[in-house]
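Heads up: the structure comes next, in structure tokens.
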Amino acid sequence: MRAFILIISTIVLFPFAGKPQTRSLTEAEKQKLIQFSIHGNEGSTHYIRPLMLEVKNISNSITNLKVENGLVLEAGDSAYQNFVVTKEEILALKPGQVKEVQLYAMCLESSDASPDVSSDYHLTKLADSSLLGLTKKIEKEELFNFEAQTAVWALSCKYPIDYITGFDTVLTRQLIGYVADETGQPIPPAPAPDDYERNYYSTSTYKLKMGGEFSYNLYENRSIIIAMFDKDNIVVRELYKNLVEKPGDHKLKFEFDATAYTDDFYYLKVIDNGDVAIEMKVDIPKRDRG
């Protein structure tokens, strides 16, 4: 009878004995379990998957890693944007295994340049409670979009909350409400019908219309966005958005009022399921700038 009890105890305890502990990147690096680097991901944008994590397990056992939602990543060069992670990542690596992961994150500095592949990043700390609440909301509701990026900027850059904008007017109202609660700002009135920069469905007449189209073929449903970026690859406006573009041949038309944008040129990008598929440079006529 005594031997029977010991056998049962061993069976009950065995599954828990070898379960690997999940560690943060910082903890795993300090324990010399991994080597990792984080750099810019030019295949995406600064508000979807802007960074690439490369990590190697240098230990002799399986290592489980967590990249926390709300973790702030700081650029090695201050000319480039800092970021906050908007989606938790859990990685399991076998001994010697190497993985590359695109990190969901959003820019914290709208005045700094978007990173390129040579831009390196290091870990800092978790965001404050207001920003962390927003990044948790972004992950839970899968708001990896322009509207949410403008809300992050409203918190991190302390912009007025009427800066929060985009095609999804229901979402912008929700985000304005969140930031208003966190910052104590009053909720602003809805943008006027002729407010071109804030109202994505503005009825105003363009002073100088520039436009064009991209030809595109799809084999399955895809999220397709055309967005406009400045010389530092910072998004200034989305020009087209269909989160469920149907299969087939498409001519995606776009247009904008060039007098609202005063840089010498802009980049127009077709973003396919979060990845930049097509890019072109558009020069703005100097004589027609407002």
Side-chain angles (χ1 to χ4, degrees), residues 40 42 44-48 50 75 77-83 105-116 119 145-169 171-172 175-176 179 185 188-214 224-241 252-271 276-290:
E42 288 186 312
S44 188
T45 72
H46 66 75
Y47 59 100
I48 304 179
D77 184 339
S78 61
Y80 292 97
Q81 301 164 335
N82 295 334
F83 287 92
M106 288 188 178
C107 160
L108 294 174
E109 300 168 305
S110 63
S111 59
D112 285 348
S114 185
D116 55 32
S119 308
N145 53 41
F146 174 71
E147 291 86 348
Q149 173 65 91
T150 64
V152 169
W153 279 335
L155 283 176
S156 64
C157 302
K158 303 188 186 311
Y159 290 146
I161 53 179
D162 59 9
Y163 188 86
I164 300 171
T165 189
F167 277 116
D168 191 334
T169 55
L171 176 57
T172 57
L175 293 169
I176 285 171
V179 177
Q185 298 180 65
D194 62 349
D195 186 343
Y196 173 70
E197 293 192 42
R198 291 180 56 215
N199 185 349
Y200 272 47
Y201 302 93
S202 171
T203 57
S204 65
T205 302
Y206 290 1
K207 298 175 183 176
L208 174 62
K209 182 187 290 188
M210 294 190 68
E213 65 180 30
F214 289 101
I224 301 295
I225 295 166
I226 300 176
M228 185 174 174
F229 294 75
D230 68 13
K231 66 184 187 315
D232 291 321
N233 267 317
I234 310 302
V235 65
V236 296
R237 189 181 187 91
E238 288 186 337
L239 305 177
Y240 177 90
K241 187 171 191 175
L252 308 180
K253 295 183 179 181
F254 64 89
E255 60 185 30
F256 62 93
D257 188 343
T259 62
Y261 302 97
T262 57
D263 286 356
D264 291 340
F265 62 88
Y266 291 88
Y267 298 107
L268 299 182
K269 302 183 183 186
V270 177
I271 304 167
V276 176
I278 303 173
E279 177 178 334
M280 74 175 185
K281 181 181 175 184
V282 174
D283 293 316
I284 305 298
K286 291 183 179 180
R287 63 184 178 84
D288 292 307
R289 292 178 202 158

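Everything numeric in this text was worked out from a predicted model, so none of it was measured. The residues of the chain are indexed from 1 along the displayed sequence.
Within the 4.5 Å cutoff, side-chain heavy atoms of M228 are placed close to those of L268. Contact check for L108 versus V152: side-chain heavy atoms found under the 4.5 Å cut-off. No side-chain heavy atom of C157 sits less than 4.5 Å from a side-chain heavy atom of Y163. Inter-residue side-chain proximity for D162 and P191 is flagged as unmet; no heavy-atom pair is nearer than 4.5 Å. Side-chain contact between V179 and L155 is present, with heavy atoms from C-beta onward closer than 4.5 Å.
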Donor-acceptor contacts, no H, no angles, side chain residues 229-237, under 3.5 Å, sequence neighbours left out:
| unit_1 | atom_1 | unit_2 | atom_2 | d |
| --- | --- | --- | --- | --- |
| D230 | OD1 | D232 | N | 2.9 |
| D230 | OD1 | N233 | N | 3.2 |
| D230 | OD1 | I234 | N | 3.0 |
| N233 | OD1 | K269 | NZ | 2.7 |
| R237 | NH1 | Y196 | O | 3.1 |
| R237 | NH1 | Y261 | OH | 3.4 |
| R237 | NH2 | Y196 | O | 3.0 |

Return all side-chain donor-acceptor pairs below 3.5 angstrom for residues 203-211, not counting sequence neighbours, or 'none' if the list is empty.
| unit_1 | atom_1 | unit_2 | atom_2 | d |
| --- | --- | --- | --- | --- |
| T203 | OG1 | P193 | O | 3.4 |
| S204 | OG | S202 | OG | 2.9 |

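For the side chain to side chain donor-acceptor pair (under 3.5 Å) test, no residue two or more places apart in sequence or in another chain qualifies with D195. In this structure S110 satisfies the side chain to side chain donor-acceptor pair (under 3.5 Å) test together with Y159, sequence neighbours excluded. The side-chain contact (heavy atoms from CB on, under 4.5 Å) test applied to N145 returns L143, E147, A148, L171, K241, not counting sequence neighbours. Considering only residues two or more places apart in sequence or on other chains, F214 meets the ring pair (Phe, Tyr, Trp, His ring centres under 6.0 Å) condition with F254. D77 is linked by a salt bridge (charged side-chain N to carboxylate O under 4.0 Å, His left out) to nothing, counting only residues two or more places apart in sequence or in another chain. Under the rule for a side chain to side chain donor-acceptor pair (under 3.5 Å), Q81 has no partner lying at least two apart in sequence or in another chain. Partners of K158 by side-chain contact (heavy atoms from CB on, under 4.5 Å), not counting sequence neighbours: none found. With sequence neighbours left out, the side-chain contact (heavy atoms from CB on, under 4.5 Å) criterion links A190 to no other residue. Listed by chain and number, the residues in a ring pair (Phe, Tyr, Trp, His ring centres under 6.0 Å) with F256 amount to none (sequence neighbours excluded). Among residues two or more places apart in sequence or in another chain, the side-chain contact (heavy atoms from CB on, under 4.5 Å) test is passed with A75 by Y80, N82, Y121.
Between the side chain of Q149 and the backbone N or O of C107, at least one donor-acceptor pair lies under 3.5 Å.
When the options F146, Y240, Y47 are evaluated for a side-chain contact (heavy atoms from CB on, under 4.5 Å) with I271, the one that passes is Y47.
Across F167 and E238, no two heavy atoms sit closer than the pair CE1-O, 3.4 Å. Taking both residues in full, the closest heavy atoms of A105 and P50 are given as O-CD, 3.5 Å, listed atom of the first, atom of the second, then distance.
Taking CD1 of I48 as the reference point, atom OG1 of T45 lies at 3.5 Å (rounded to 0.5 Å). Taking CH2 of W153 as the start and CE of M106 as the end, the distance is 9.5 Å to the nearest 0.5 Å. Here L252 contributes atom CG and I226 contributes atom CD1; the two are 5.0 Å apart, rounded to the nearest 0.5 Å. Taken to the nearest 0.5 Å, the OH atom of Y267 stands 7.0 Å off from the CD atom of E279.
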Inset, instruction - Please test T169 against Y201 for side-chain contact (heavy atoms from CB on, under 4.5 Å), starting from the C-alpha separation and ending with a verdict. - result: CA-CA 9 Å; T169 55; Y201 302 93; 3.8 Å; yes

